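Notes for the one structure printed next.
The structure displayed is predicted, hence computed values, not measured ones.
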Amino acid sequence: MTLRNILLAGAILGGFAAAGTTLVVITHEFTAERIADEREATLLQRLNEVLPAHLYDNALHEDTRQVPGDALGRPGESLTVYRAWQGNEPVAAILTVVAPDGYNGQIRLLMGVMLDGTLTGVRVVQHQETPGLGDLIEADRSDWIHDFAGRRLGDPPAERWTVERDGGDFDQFTGATVTPRAVVHAVRRGLEWFERHQTAVFPELDDPHRG
């Protein structure tokens with residue numbers, strides 16, 4: 001192959017590379033906003049599964065706080081808390097909680113909780129539990145996760161905030177006790193954390209000038 005042919009081949013390859021790059025940039029420019037909108041809609045849909053939209057009137061997905069994850073299952077990291085308001089009054093929060101002791105690793109949860117400590121809902125958003133056994137914690141696989149709605153610390157009493165096998169009030173799955181036990185304990189820890197740290201989520205509650 002002559003030098004001329006080598007240069008020609010290089011120029012052609014360079015042209016294809018430039019055209020490909022340009023196409024990627026143009027595609028990104030035209031789709032970035034749509035992708036962002038779809039991500040926002042998906043996040044809101046997920047948040048509304050644990051906190052119904054009629055309970056707040058702010059941009060819930062945009063009003064967030066990062067809090068230490070030590071007591072919420074992610075030591076050394078921070079976790080996102082979403083803040084819900086009605087008018088100018090805080091009404092609830094959605095906590096990101098991690099159960100570190102699932103059968104196959106961590107189970108990530110979202111839990112909505114009113115300021116009085118009542119759970120509005122819990123959903124599993126990420127896990128690696130065994131299909132057909134541990135995945136019954138998912139809302140579209142069974143009704144088990146719905147049993148948390150309306151619960152709070154004291155309902156059931158602290159010693160019964162676990163699965164039936166351990167003397168608690170929550171159903172367990174045949175052959176997969178570890179998974180529901182991890183979720184129940186994580187939800188209880190989340191409630192305990194929120195009870196102690198409401199003012200970390202809503203510093204406004206400490207404002208003496210607040211009506």
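Relative ring orientation between W144 and F148 is described as perpendicular, the plane-to-plane angle rising above 60° on a 0-90° scale split at 30° and 60°.
F173 contributes atom CZ, which lies 7.0 Å from atom CD1 of I137 (distance to the nearest 0.5 angstrom). For the atom pair D169 CG and D147 CG, the distance stands at 8.5 Å (nearest 0.5 Å). The CE atom of M111 sits 4.0 Å away from atom CG of L191, with the distance rounded to the nearest 0.5 Å. D63 CG to R65 CZ: the interatomic distance, rounded to the nearest 0.5 Å, is 6.0 Å. Interatomic distance, T199 OG1 to L205 CG, rounded to the nearest 0.5 Å: 7.0 Å. To the nearest 0.5 Å, atoms CG (D166) and CD (E159) are separated by 13.0 Å.
Proximity of a side-chain donor or acceptor of T42 to a complementary backbone N or O of E38 within less than 3.5 Å is detected. A donor-acceptor contact shorter than 3.5 Å is absent between the side chain of Q106 and the backbone of H127. Remark: the backbone N or O of R108 is not paired with any side-chain donor or acceptor of Q126 at under 3.5 angstrom. Not one N or O on the side chain of T80 forms a donor-acceptor pair closer than 3.5 Å with the backbone of Q66.
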Would I107 and E129 count as a side-chain contact (heavy atoms from CB on, under 4.5 Å) here? Give the steps.
CA-CA 8 Å; I107 303 170; E129 302 302 279; 4.0 Å; yes

side-chain contact (heavy atoms from CB on, under 4.5 Å) for V81 and I94? Distances and angles first, verdict last.
CA-CA 6 Å; V81 175; I94 296 177; over 6 Å; no

Salt bridge (Lys or Arg N to Asp or Glu O under 4.0 Å) evaluation trace for R83 with E204:
CA-CA 12 Å; R83 309 196 314 163; E204 296 85 356; 3.1 Å; yes

Using the rule given for side-chain contact (heavy atoms from CB on, under 4.5 Å), can you reason through L72 versus R189, listing the C-alpha separation, both sets of side-chain angles and the distance that settles it, and then say yes or no?
CA-CA 7 Å; L72 297 175; R189 286 195 300 272; 5.8 Å; no

Step-by-step side-chain contact (heavy atoms from CB on, under 4.5 Å) determination, H54 to Q86:
CA-CA 9 Å; H54 70 272; Q86 188 73 262; over 6 Å; no

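For the pair L55 and V91, the tightest heavy-atom approach, listed with the atom from each and the gap, is O-CG2, 3.4 Å. Of all the heavy atoms in P52 and T120, the pair that sits closest is CD-CB, 4.4 Å. Scanning all heavy atoms of the two residues, the minimum distance from V178 to D101 falls at CG1-O, 3.7 Å. Scanning all heavy atoms of the two residues, the minimum distance from T96 to Y82 falls at OG1-CE1, 4.3 Å. In plain terms, the two heavy atoms of L51 and A92 that are nearest each other are CD1-CB, 3.9 Å.
A 4.5 Å side-chain heavy-atom check between P156 and R151 finds at least one atom pair inside the cut-off. Residues H61 and R39 are not in side-chain contact: their nearest non-hydrogen atoms beyond the backbone lie 4.5 Å or more apart. When side chains are defined from C-beta on, V67 counts as touching W193, because their heavy atoms get closer than 4.5 Å. With a 4.5 Å cut-off on side-chain heavy atoms, W85 and L60 do not count as touching. Under the 4.5 Å side-chain criterion, counting only non-hydrogen atoms from C-beta, L95 is not in contact with L110.
In this structure, R74 does not pair ionically with D70, as no charged nitrogen and carboxylate oxygen lie closer than 4.0 Å.
Taking the six-membered ring wherever Trp is involved, the centroid distance between the rings of F170 and W161 falls below 6.0 Å.
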